[in-house]
Amino acid sequence: MAKNPAERLAEEIQKPESSLEILSCEEMRLLLGLTKRDGVMRSFVVLGAFAGLRSAELMRIEWADINRDEREIHVRPGVIKKTRGVRERYTTINATCARWLPENGKGKIIPHTQRAFARRSEKLISRMRRVMTRCKIAGVERWNDWPQNCLRHSFASYLLAVKQDAGFVAYQMGHTSADMIYKTYASAVRKSDAEKWWGI
């Protein structure tokens, strides 16, 4: 028997708060500024936040997979997360991603071992905390480490708010379920904030 609306609402209220970690526009601008001279970290930040690539995909993808002329990134087999549905995908290089992405290099975009990359990330996080503290920017406490999946969650939330097309966002992220995208990200950010994000 179907539940009445009051019962469904009561269940929704009892659910734990979402654990989505979404960057503010201010935090993203800081990250872009702090990675200005570090092409590896800049690529990691830009491709995660403006193209929605997973951290594991970023560790495997190569510059040859990025086609600026066609404005797309080929997330090929061997790079993409293994799921039951999507075996590879082409992700759009939108205007914001194109504006901030460093020039193509050769080989892997992240040419480091995971341990070496973690050390590099730790330095960036430390600098981020110092700048946020000095400038009195809220949220510094969550930067003890990378906020969990913050780049990808930010991408999905801001893209869905602007496009209002869960199917498109699901495809860009390599998901098979538009319903899951809508349920997870639909009310995460305001449209006005999303417009600022894509205007960075």
Side-chain angles (χ1 to χ4, degrees), residues 22-23 25 28-29 31-112 114 117 120-121 146 149-182 184-186 188-189 191 193-200:
I22 300 168
L23 297 179
C25 291
M28 191 61 200
R29 284 189 188 97
L31 280 174
L32 290 169
L34 292 171
T35 58
K36 187 176 183 177
R37 293 189 179 101
D38 185 345
V40 170
M41 290 309 296
R42 168 66 65 91
S43 299
F44 177 80
V45 167
V46 169
L47 291 171
F50 299 132
L53 297 181
R54 295 176 175 93
S55 297
E57 292 170 343
L58 287 166
M59 295 302 292
R60 295 188 290 260
I61 201 164
E62 298 184 3
W63 283 109
D65 298 320
I66 294 181
N67 185 331
R68 289 176 188 266
D69 294 333
E70 298 289 329
R71 297 184 72 96
E72 65 188 14
I73 301 165
H74 184 199
V75 187
R76 57 187 158 73
V79 169
I80 198 167
K81 176 183 174 185
K82 292 179 181 170
T83 61
R84 281 179 263 147
V86 181
R87 300 200 193 303
E88 65 183 311
R89 72 184 189 277
Y90 287 88
T91 301
T92 304
I93 298 175
N94 56 57
T96 310
C97 184
R99 183 167 44 253
W100 293 104
L101 188 64
E103 289 300 315
N104 286 23
K106 291 183 180 180
K108 285 187 167 187
I109 291 175
I110 311 293
H112 304 297
Q114 285 193 328
F117 183 72
R120 202 169 190 152
S121 298
W146 274 105
N149 293 317
C150 67
L151 299 172
R152 190 166 157 83
H153 287 169
S154 299
F155 169 82
S157 301
Y158 288 119
L159 188 61
L160 184 59
V162 164
K163 296 281 187 186
Q164 299 189 354
D165 183 343
F168 176 77
V169 176
Y171 178 77
Q172 293 294 300
M173 295 182 72
H175 283 292
T176 55
S177 170
D179 189 47
M180 186 280 292
I181 294 291
Y182 186 77
T184 306
Y185 301 105
V189 298
K191 187 172 183 177
D193 290 332
E195 288 166 352
K196 288 177 193 169
W197 176 267
W198 296 109
I200 288 175

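Note: hydrogens, waters and symmetry copies are ignored here, and every other heavy atom, side chains too, is used.
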#### Entry: Pairwise distance CD1(Ile109) to CD1(Ile61) - rounded to 0.5 angstrom
5.0 Å

### Task
Output all residues satisfying salt bridge (charged side-chain N to carboxylate O under 4.0 Å, His left out) with Asp179, sequence neighbours left out; order by chain, then residue number.
Lys183

### Query
Does any non-hydrogen side-chain atom of Leu159 lie less than 4.5 Å from one of Trp198?
yes

### Task
Could I get the full list of side-chain hydrogen bond (donor to acceptor under 3.5 Å, both in side chains) partners for Glu57, not counting sequence neighbours?
Arg54, Arg89

### Task
List for me each residue that meets side-chain hydrogen bond (donor to acceptor under 3.5 Å, both in side chains) alongside Asn67, sequence neighbours excluded, and say none if there are none.
none

### Message
Using the rule given for side-chain contact (heavy atoms from CB on, under 4.5 Å), can you reason through Tyr158 versus Ile22, listing the C-alpha separation, both sets of side-chain angles and the distance that settles it, and then say yes or no?
### Response
CA-CA 9 Å; Tyr158 288 119; Ile22 300 168; 3.8 Å; yes

### Task
Can you see which heavy atom on Ser154 is nearest to which on Leu23, and at what distance?
OG-N, 2.8 Å

### Message
Going by salt bridge (charged side-chain N to carboxylate O under 4.0 Å, His left out), name the pairs with one or both residues in residues 149-164, residues two or more places apart or in two chains.
### Response
none

## Note on the structure
Nearest heavy-atom contact between Phe50 and Trp197 is CE2-NE1, 3.4 Å

### Task
Would you name the heavy atoms of Thr92 and Phe168 that are closest together and state the gap between them?
OG1-CZ, 4.4 Å

#### Entry: Worked verdict on Ile80 versus Arg87 for side-chain contact (heavy atoms from CB on, under 4.5 Å)
CA-CA 7 Å; Ile80 198 167; Arg87 300 200 193 303; 5.7 Å; no

### Query
For Asp65, what residues pass the side-chain hydrogen bond (donor to acceptor under 3.5 Å, both in side chains) criterion, not counting sequence neighbours?
Arg76

### Message
Considering only residues two or more places apart or on different chains, which pairs with a residue in residues 95-107 satisfy salt bridge (charged side-chain N to carboxylate O under 4.0 Å, His left out)?
### Response
none

### Qualifying residues under side-chain contact (heavy atoms from CB on, under 4.5 Å), relative to Ala56, sequence neighbours excluded
Arg60

### Query
Rounded to the nearest 0.5 Å, how far does SG of Cys97 lie from CZ of Arg68?
8.0 Å

## Note on the structure
When every non-hydrogen atom of Ser177 is compared with those of Ala170, the smallest separation belongs to O-CB, 4.0 Å

### Query
Which value, rounded to the nearest 0.5 Å, describes the distance between Lys191 atom NZ and Leu160 atom CG?
11.0 Å

#### Entry: Nearest-0.5 Å distance, CE of residue Met173 to OH of residue Tyr185
4.0 Å

### Message
My understanding is that only residues two or more places apart in sequence, or in another chain, count here; which of them pass side-chain contact (heavy atoms from CB on, under 4.5 Å) with Lys108?
### Response
Glu62

### Query
Rounded to the nearest 0.5 Å, how far does NE2 of His175 lie from OG1 of Thr184?
7.5 Å

## Note on the structure
Arg29 meets the side-chain contact (heavy atoms from CB on, under 4.5 Å) criterion, sequence neighbours left out, with Cys25, Ile200

### Task
Ignoring hydrogens and angles, tell me if any N or O in the side chain of Thr91 forms a donor-acceptor pair with the backbone of Ala51 under 3.5 Å.
no

### Exceeds 12 heavy-atom contacts within 6.0 angstrom, atom OH of Tyr171
yes

### Summary
With sequence neighbours left out, the residues meeting ring-ring contact (aromatic ring centres under 6.0 Å, His included) with His74 are Tyr90

### Task
List for me each residue that meets side-chain contact (heavy atoms from CB on, under 4.5 Å) alongside Ala64, sequence neighbours excluded, and say none if there are none.
none

### Query
Got a second to check how far Ile110's CD1 is from Leu58's CG, nearest 0.5 Å?
6.0 Å

In residues 36-46, what donor-acceptor pairs under 3.5 Å come from side-chain atoms, sequence neighbours left out?
{"from": "Asp38", "atom 1": "OD1", "to": "Val40", "atom 2": "N", "distance (Å)": "3.3"}
{"from": "Asp38", "atom 1": "OD1", "to": "Met41", "atom 2": "N", "distance (Å)": "3.2"}
{"from": "Asp38", "atom 1": "OD1", "to": "Arg120", "atom 2": "NE", "distance (Å)": "3.3"}
{"from": "Asp38", "atom 1": "OD1", "to": "Arg120", "atom 2": "NH2", "distance (Å)": "2.8"}
{"from": "Asp38", "atom 1": "OD2", "to": "Arg120", "atom 2": "NE", "distance (Å)": "3.1"}
{"from": "Arg42", "atom 1": "NE", "to": "Thr35", "atom 2": "OG1", "distance (Å)": "3.0"}
{"from": "Arg42", "atom 1": "NH2", "to": "Leu32", "atom 2": "O", "distance (Å)": "2.5"}
{"from": "Ser43", "atom 1": "OG", "to": "Gly39", "atom 2": "O", "distance (Å)": "2.7"}

